[in-house]
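From a predicted model like this one, the values you see are computed outputs, not experimental measurements.
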Amino acid sequence: MMSLTSAPGSRPLRQAVTPAGRQTESPVVELNVGGEFYTTTLGTLRKLPGSKLAEMFSSSTKACLDAEGRFFIDRCGTYFGPILEYLRSGQLPTQHILEVYREAQFYEIKPLIKLLEDMPQIFGEQVARKQFLLQVPGYGENLELMVRLARAEAVAARCSSVLVCLVQNEKDDANCADALRSLEADKRSVVKFGPWKAALDIRDLLDCMNMDIEAQGYQVRYSHNSPLPAKVSDYFYTFSFSWW
């Protein structure tokens with residue numbers, strides 16, 4: 001194991017001379033974070049014991065050095081600066097909040113994570129919307145199924161569509177049972193969401209589905225033009241994928 005002391009041919013730690021003339025290890029260190037260069041102190045990096053960042057620079061950790069002898073961290077360096085500023089002075093970022101939040105999670109800077117989660121940009125996406133979607137059983141798996149079905153129908157076609165059934169409670173589930181059986185008999189694929197226990201707004205759920213599919217890079221839109229009888233059409237929506 002290589003400790004955080006200087007190795008032959010490297011210069012991660014500077015040397016200071018005491019009044020008695022004895023050399024000691026300086027706490028100043030140079031970092032290469034994904035190609036971005038920073039100079040700071042071990043005290044700053046170790047400020048929060050128990051964090052992954054502090055662990056990276058503990059005395060027993062094997063050091064990863066670049067060709068110039070700087071400590072190397074294989075992460076995006078652009079958003080390490082705000083992490084460093086928080087450790088130095090407690091300053092919170094004002095830009096790229098979501099990106100800094102992800103880096104804070106990686107380095108396990110728990111106080112910063114909590115402060116960022118209280119900011120509107122993170123609270124809305126990571127807290128409020130996440131809790132909303134946790135009320136829908138199998139939400140993520142159903143989205144993956146929708147994408148697979150859309151891709152399967154996209155061969156030599158500009159667009160493909162996926163029929164979705166949203167049943168909010170057991171009564172809605174029973175009302176749709178015959179229609180779902182009929183669609184299955186016709187070999188028409190349907191992705192069913194629900195039932196769920198919370199009182200979720202259907203339009204909000206549809207918007208979340210649209211947002212999360214678009215976040216994967218797909219062009220998609222939904223409409224309420226079900227080919228089914230009027231008594232059950234309110235439960236069915238079509239998601240249309242555009243491929244070119």
Side-chain angles (χ1 to χ4, degrees), residues 34 75-76 78-79 95-103 105 120-244:
R75 297 288 294 183
C76 177
T78 303
Y79 309 115
Q95 296 180 322
H96 307 295
I97 304 300
L98 182 57
E99 291 82 359
V100 176
Y101 176 70
R102 290 171 180 154
E103 294 305 295
Q105 289 181 307
Q121 299 94 323
I122 302 298
F123 179 82
E125 173 64 24
Q126 299 294 323
V127 180
R129 197 169 83 91
K130 183 179 290 185
Q131 291 301 315
F132 174 84
L133 294 175
L134 285 175
Q135 308 301 317
V136 184
Y139 175 80
E141 292 84 350
N142 280 340
L143 281 189
E144 291 179 8
L145 177 57
M146 288 174 63
V147 170
R148 288 201 303 271
L149 290 172
R151 290 174 66 92
E153 294 183 7
V155 178
R158 184 171 187 176
C159 299
S160 57
S161 61
V162 176
L163 191 61
V164 171
C165 178
L166 303 180
V167 292
Q168 196 161 2
N169 50 49
E170 300 295 340
K171 180 180 178 182
D172 293 343
D173 199 14
N175 289 339
C176 292
D178 288 341
L180 289 170
R181 280 193 289 268
S182 176
L183 288 165
E184 183 180 3
D186 292 339
K187 301 188 183 303
R188 178 74 185 273
S189 298
V190 184
V191 181
K192 189 180 82 166
F193 289 75
W196 52 79
K197 295 182 180 179
L200 303 182
D201 186 285
I202 295 295
R203 188 64 59 180
D204 288 341
L205 178 57
L206 288 165
D207 287 344
C208 284
M209 294 162 63
N210 208 89
M211 289 168 57
D212 289 335
I213 292 173
E214 286 185 339
Q216 299 179 48
Y218 296 99
Q219 295 183 45
V220 66
R221 58 184 175 82
Y222 66 85
S223 58
H224 194 188
N225 55 350
S226 169
L228 297 166
K231 65 178 182 179
V232 294
S233 63
D234 285 347
Y235 303 112
F236 291 86
Y237 296 80
T238 300
F239 277 73
S240 300
F241 291 73
S242 298
W243 300 102
W244 47 275

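Counting heavy atoms of neighbouring residues, nucleotides and ligands inside a 6.0 Å radius, atom CD of Gln135 exceeds 12 of them.
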Subject >> Stepwise side-chain contact (heavy atoms from CB on, under 4.5 Å) test for Asp234 and Ile202 >> reply: CA-CA 11 Å; Asp234 285 347; Ile202 295 295; over 6 Å; no
**OP:** Using the side-chain contact (heavy atoms from CB on, under 4.5 Å) rule, take Leu200 and Phe193 through it: C-alpha gap first, then chi angles, then the decisive distance, then the call.
**Re:** CA-CA 12 Å; Leu200 303 182; Phe193 289 75; over 6 Å; no
Subject >> side-chain contact (heavy atoms from CB on, under 4.5 Å) evaluation trace for Arg151 with Phe241 >> reply: CA-CA 9 Å; Arg151 290 174 66 92; Phe241 291 73; over 6 Å; no
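Minimum interatomic distance between Trp243 and Ala150 (heavy atoms only, all atoms of both residues): CZ2-O, 3.6 Å. Minimum heavy-atom separation, Phe236 to Cys165: CE2-CB, 3.6 Å. Here the shortest heavy-atom pairing between Leu163 and Thr238 reads CD1-OG1, 3.7 Å. Nearest heavy-atom pair, Cys176 versus Val167, reported as atom, atom and distance to 0.1 Å: SG-CG1, 3.7 Å. The two residues Ser161 and Glu153 make their nearest non-hydrogen contact at O-OE1, 3.1 Å. Heavy-atom minimum distance, Cys208 versus Leu133: CB-CD2, 3.8 Å.
Between Lys192 and Asp173, the closest side-chain pair of non-hydrogen atoms falls below 4.5 Å. The side-chain heavy atoms of Val164 and Tyr222, taken from C-beta on, include no pair separated by under 4.5 Å. Looking only at side-chain heavy atoms (C-beta outward), Glu99 and Glu103 stay at 4.5 Å or farther from each other. Annotation: side chain of Leu143 is in contact with side chain of Met209 (closest heavy-atom distance under 4.5 Å). Residues Phe239 and Arg221 are not in side-chain contact: their nearest non-hydrogen atoms beyond the backbone lie 4.5 Å or more apart.
At least one donor-acceptor pair under 3.5 Å links the side chain of Arg158 to the backbone N or O of Trp244. Not one N or O on the side chain of Ser182 forms a donor-acceptor pair closer than 3.5 Å with the backbone of Ala179.
Distance check, rounded to the nearest 0.5 Å: NE2 of His96 to SG of Cys76 gives 10.0 Å. Annotation: the span from Asp172 atom CG to Tyr235 atom OH amounts to 4.0 Å, rounded to 0.5 Å. How far CG of Asp186 is from CD of Glu184: 10.5 Å, rounded to the nearest 0.5 Å. Taking NE2 from His224 and CZ from Arg203, the interatomic distance works out to 8.0 Å, rounded to the nearest 0.5 Å. Distance check, rounded to the nearest 0.5 Å: CD of Gln95 to CD of Gln121 gives 11.0 Å.
Between Asp212 and Arg129 there is a salt bridge, since at least one side-chain N of the basic residue sits less than 4.0 Å from a carboxylate O of the acidic one.
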